[in-house]
Amino acid sequence: MKPTRDATDPGPRPGPADFGLPLQAGGAPASPPAPRPLRALPAPPALPLLGHLLSLDRRRLQQQLEGWAATLGPLYRLQLGRRPVLVVADHALAQDVMRRRPQRVLRSPTTRRVCQELGVDGLFMSEGERWQALRRLTVRAFTPDMLRAFHPQLLTIGTRWRDRWVRSVEAGLPPDLARDLPRFSLEVGVALATGVDLGAGPGSQQLQADIEFLIGQVWRRINSTVPLWRWFKTAPERAVDDAIARVRVALLPLIEQARRHRAEDPDAAPRHLLDALLVAQARPEDGEHPIELSDEQLVRLLTELVFAGEDTSAYSLAWLLAHSSRHPGAWHQLQMEIAHSCDPTGLPDYDCLRRLPYTEALIQESQRLKPVISLLMFQSAEDQVVGGVQVPRGAGLMTLNRFSALQAGPEDRHQFRPERWLAVDGQAACPSSMPFGAGARTCPGRYAALLQMKTLLALLAPVLDLLPSQAPLPQEVLEVTLRPAALDLQWRVRQRRP
Ligand code: HEM
């Protein structure tokens with residue numbers, strides 16, 4: 001792992017190849033054919049007026065949209081009520097769309113509004129200058145030094161969960177990782193965001209329950225045909241408002257506390273994002289306008305960071321474990337690598353986690369097949385041409401970021417084969433895999449997520465054997481993230497523990 005500073009550079013401008021256009025000798029593009037209107041694209045059968053609104057299967061949306069791409073082609077059309085949507089399943093075109101952000105392509109207004117109403121309002125939800133300022137600030141907060149300083153707390157949380165699972169296996173009860181991984185991830189997310197360890201005392205159970213509850217509301221509200229809660233508050237909707245208010249009340253004093261600690265020791269290395277954000281805010285880089293964030297704005301940004309990292313990291317780990325249990329030798333090889341690279345008598349330190357090529361390959365391969373966020377919804381900010389199709393301003397753009405990885409490429413692309421990432425050109429062998437997005441808005445938390453995943457694996461490997469399974473992989477369920485419907489993992493406490 002190379003934790004480096006992220007760049008907000010949108011990357012190279014798309015070239016003719018990105019549009020599927022032939023290159024003339026010498027590399028100059030042939031004159032492109034006139035763009036097709038969006039309505040000329042193929043589409044699944046639709047109802048008058050409603051279009052495809054009632055045909056979408058929310059929990060199996062990913063498979064449904066990929067299935068349509070397989071029959072209609074990598075560019076097709078949906079009609080969601082009055083709104084036309086271009087679905088882009090080809091990875092080069094999807095990357096092109098994502099690289100047109102932030103100016104020409106915006107996040108979906110529905111997602112933005114729903115999340116803002118739930119008190120989640122930071123980088124993911126911003127556009128324009130506000131996004132640019134927040135992006136600079138957030139990227140400056142996610143430094144390798146901050147992650148290194150945070151790592152001891154991550155180890156404390158990971159060790160607590162590992163010991164609980166080992167006790168459970170010793171007692172003959174398989175640990176319920178489908179329930180526990182999101183909780184582990186939530187504890188890590190809150191600690192990373194604020195420095196507070198939710199699992200250390202009984203006082204934070206309410207905050208944990210509230211955040212879990214609110215995360216569950218995002219998908220429900222995004223998929224509500226009529227947003228009744230905006231006009232009429234039923235008891236369940238009032239419970240949502242109460243949870244938002246409690247999260248705010250819990251986080252506000254932490255901000256005050258972080259400001260106080262920073263004032264007392266202005267030169268201390270930040271150990272969590274809130275502190276790193278305060279430092280980045282107080283010390284703008286050359287030419288940067290200082291950005292002022294009120295405590296209220298910080299609460300909403302921190303809540304977003306916790307939300308963004310919770311299910312994503314938990315279900316990426318869940319898929320990795322499910323894959324490893326079905327791939328003979330994978331867990332054993334991981335155990336050997338951890339034993340070789342990390343101190344067998346102590347806890348895996350930050351530096352040993354940087355030297356784990358096989359573990360990284362496991363993560364990359366699992367994310368290639370099960371990228372937990374690979375359905376992204378955008379809005380076109382202007383009239384523009386995408387892949388030779390005329391997309392009007394205000395139309396929707398949907399990218400299916402996994403489709404290409406499963407449709408094109410090596411013969412064995414449907415198989416879980418981590419070794420493919422170990423070849424010298426492993427990265428180049430799977431250019432269509434983009435689990436953290438693409439362009440200027442790629443995930444700023446990816447190094448934190450990878451650190452979390454590797455830390456937990458390095459804690460589990462020395463003490464637990466993951467038993468092989470012949471069962472098919474669990475079904476996919478989409479609820480913002482793509483999660484396994486169930487986790488059927490069998491563990492054994494290792495005989496020869498270090
Ligand atoms: C395995 C875990 C994770 C996965 C798979 C993941 C994936 C993604 C993806 C696909 C995007 C959208 C990128 C795009 O629009 O091009 C994204 C954005 C984002 N992620 Fe993550 N993420 C993970 C963990 C995290 C963590 C731990 C944090 C924070 C602590 C985080 C914070 C964010 C934020 C703030 C954005 C919005 C960036 C922007 O709009 O500029 N993510 N993530």
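One-based numbering, in listed order, for ligands and for the atoms of each. The figures here come from the full heavy-atom set of this structure, side chains too, leaving out hydrogens, waters and symmetry mates. For reference, positions follow the sequence shown, starting with 1.
Checked by atom type, the side-chain pair W165/D180 shows a donor-acceptor distance below 3.5 Å. Side chain to side chain, D145 and T143 fail the donor-acceptor criterion of an N or O pair below 3.5 Å. No side-chain donor from either of R113 and Q116 sits under 3.5 Å from a side-chain acceptor of the other. For the residue pair S366/H323, the side-chain donor-acceptor check at 3.5 Å is satisfied. Side chain to side chain, W421 and E360 fail the donor-acceptor criterion of an N or O pair below 3.5 Å. Using modelled atom types, one finds a donor on one side chain and an acceptor on the other under 3.5 Å when comparing S374 with Q62.
Ligand 1 has R107 within reach: a non-hydrogen atom of the residue lies less than 4.0 Å from it.
Here the protein heavy atom with the shortest distance to atom 15 (O) of ligand 1 is R101 NH1, 2.6 Å. With respect to atom 35 (C) of ligand 1, the closest heavy atom belonging to the protein is E304 OE2, 3.6 Å. When only non-hydrogen protein atoms are considered, atom 14 (C) of ligand 1 lies nearest to R441 O, 3.2 Å.
Under 4.0 angstrom from ligand 1, the non-hydrogen atoms of F142 all belong to its side chain. For Q452, no heavy-atom contact with ligand 1 is shorter than 4.0 Å. Only the side chain of V372 comes within 4.0 Å of ligand 1, counting heavy atoms alone; its backbone N, CA, C and O stay farther away.
Interface of R135 with ligand 1, defined as ligand atoms under 4.0 Å from a residue heavy atom, comprises 38 (C), 39 (C), 41 (O). When each atom of ligand 1 is checked for a heavy atom of S313 under 4.0 Å away, the hits are 1 (C), 2 (C). Using a 4.0 Å cut-off to heavy atoms of W131, the atoms of ligand 1 that qualify are 39 (C), 40 (O), 41 (O). Atoms of ligand 1 lying under 4.0 Å from at least one heavy atom of L305, given by number and element, are 29 (C), 30 (C), 35 (C). For ligand 1 and Q367, the ligand atoms under 4.0 Å from any heavy atom of the residue are 1 (C).
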(message) As a quick check of understanding, evaluate side-chain hydrogen bond (donor to acceptor under 3.5 Å, both in side chains) for W319 and Q367, giving each step before the final call.
(response) CA-CA 8 Å; W319 284 118; Q367 289 189 319; over 6 Å; no
(request) Apply the test side-chain hydrogen bond (donor to acceptor under 3.5 Å, both in side chains) to residues Q384 and R100: give CA-CA distance (whole Å), side-chain angles for both, the deciding distance (0.1 Å), then the verdict. (result) CA-CA 10 Å; Q384 54 190 308; R100 294 179 190 206; 2.9 Å; yes
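Between F416 and H327, the ring planes are perpendicular. Angles over 60° get that label, and only those under 30° would be called parallel.
A 6.0 Å sphere centred on CZ of R393 holds no more than 12 heavy atoms belonging to other residues, nucleotides or ligands. More than 12 heavy atoms of other residues, nucleotides or ligands lie within 6.0 Å of CD in E419, so this atom counts as buried by the packing criterion.
The distance from the CD atom of E476 to the CZ atom of R59 is 12.5 Å, given to the nearest 0.5 Å.
Protein N/O/S atoms closer to atom 21 (Fe) of ligand 1 than 2.8 Å number 1 in this structure.
Remark: among candidates A448, A438, S316, the nearest residue to atom 1 (C) of ligand 1 is S316, based on non-hydrogen atoms. The closest non-hydrogen atom to atom 10 (C) of ligand 1, taken over P435, P371, S374, comes from P435.
With sequence neighbours excluded, the residues forming a side chain to side chain donor-acceptor pair (under 3.5 Å) with R417 are D412, listed by chain and number.
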